[in-house]
There are 2 protein chains.
Amino acid sequence: MDVTNHPHDLQTTDCQKVSQVLARIGEKWSVLIIMFLAEKPRRFSEIKRAINGISQRMLTLCLRGLERDGLVKRTVFAAMPPHVQYELTPLGISLTTPVVALGSWAFEHMADIDAARAAFDAEN
Amino acid sequence: MDVTNHPHDLQTTDCQKVSQVLARIGEKWSVLIIMFLAEKPRRFSEIKRAINGISQRMLTLCLRGLERDGLVKRTVFAAMPPHVQYELTPLGISLTTPVVALGSWAFEHMADIDAARAAFDAEN
DNA sequence: CCGAATCCAGTACGATACTG
DNA sequence: CAGTATCGTACTGGATTCGG
């Protein structure tokens, strides 16, 4: 099955799995984290500082999820204080292409969407 | 600001707006609906039948959200029984490119992710 | 046929406090 | 520094019922 040629098969098992994959990308912080790690490996607190508004709890959970899916690799350097490095795996790197494409689209059409929302809300 | 060149600016107002746009795409059914409407305009019940598992409620809410963002156009043909058509706007059509890219990536790497999840769960 | 209204469960997310 | 534990809230999403 090829999603680009068979848009009808939205109810198959394959597409259910695709949905599960997309669900992780749909998480609030995943895209931002992936785009930040795309540049180079980072430490836990570097990510936390870079992504304004994320809580420690959600950063931990989100990184665990990305690690579980094989998109991010976690390396612990035994020392005091602890030093934990996160980096994209090859699979994670391959994700950056479509993710950046989506991010760019979102950025380019931000104004259009804002205007459409304002117009829609004005009517109702 | 260009998201492809300034991955550091994840905390700016612009990126907050991008997050809001991505949130709609992150909704459980949005991508499937957009991909289905990409082929041609459809009626409410056609969409419902095509996307297995979606409830009437969520289809209604999701279509409203897409309409609000100017991605989908809703046309009512006054008649009995009612006939309502949904179609992508030009803005919505421009979204299909990155969305299909993401969908294709998800489909191609489904197996990798499944394997990574199984391996991760086996250790913990 | 195309919804709206209501009710309810699961969970994503945040705030705070605590630990090796 | 890099988490874990606990609690509380808000929202997503499903089931069901009702209406034009």
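All chains are named by letter (A, B, ...) in the order of the sequence lines, taking the proteins before the strands, and each is independently numbered beginning at 1.
Mapping A:Arg64 and A:Pro81 onto DNA chain D via the closest heavy atom, the residue that lands nearer the 5' end is A:Pro81.
Taking each heavy atom of A:Ile34 and A:Leu88 in turn, the nearest pair found is O-CD1, 4.0 Å.
The listed nucleotides are C:dA5, D:dT4, C:dA4; the one nearest the side chain of A:Thr60 is D:dT4. For B:Phe44, the side-chain atoms get nearest to C:dG3 when compared with the rest of D:dG13, C:dC13, C:dG3. Closest contact between the side chain of A:Arg43 and the listed nucleotides D:dC1, C:dG3, D:dG3 involves D:dC1. The side chain of A:Gln56 lies closest to D:dA2 when the candidates are D:dA2, D:dT17, D:dG14. Taking only side-chain atoms of A:Arg57, from C-beta outward, the nucleotide of D:dG20, C:dA15, D:dG3 with the closest atom is C:dA15.
A salt bridge is defined here as a Lys NZ or Arg NE, NH1 or NH2 lying under 4.0 Å from an Asp or Glu carboxylate O, and A:Arg43 with A:Glu46 fails to meet this definition.
The backbone N or O of A:Ala38 lies less than 3.5 Å from no partner atom in the side chain of A:Thr96, so there is not a single donor-acceptor pair.
In this model, the phosphate group of C:dC2 is approached by a side-chain N or O of B:Ser45 to a distance below 4.0 Å at OP1 or OP2. Note on B:Arg74: a side-chain N or O is less than 4.0 Å away from OP1 or OP2 of C:dG3. Within the 4.0 Å cut-off from OP1 or OP2 of D:dC1, not a single side-chain nitrogen or oxygen of A:Tyr86 is found.
Atom CG in B:Leu61 sits about 11 Å away from atom P in D:dG14, given to the nearest Å. Atom CD of A:Gln85 is separated from atom P of D:dG3 by 12 Å (rounded to the nearest Å). Rounded to whole Å, atom P of C:dG10 lies 17 Å from atom CE of B:Met58. Across the protein-nucleic acid pair, A:His83 atom NE2 and D:dG3 atom P stand 11 Å apart, rounded to whole Å. Going from atom NZ of B:Lys28 over to atom P of D:dG14 covers 4 Å, rounded to whole Å. Rounded to an integer number of Å, the gap from A:Ile54 CD1 to C:dG14 P is 7 Å. Atom CD in A:Glu46 sits roughly 10 Å away from atom P in D:dC1 (whole-Å rounding). Rounded to an integer number of Å, the gap from B:Leu63 CG to D:dG13 C1' is 15 Å.
Two residues are said to be in side-chain contact when any heavy atoms from C-beta on lie closer than 4.5 Å; B:Leu95 and B:Leu91 fail this criterion.
Across all strands, A:Phe77 comes closer than 4.0 Å to no nucleic acid atom at all (heavy-atom distances).
In summary, the side chains of A:Arg42 and A:Tyr86 do not present any donor paired with an acceptor at a separation below 3.5 Å, with no hydrogens or angles considered.
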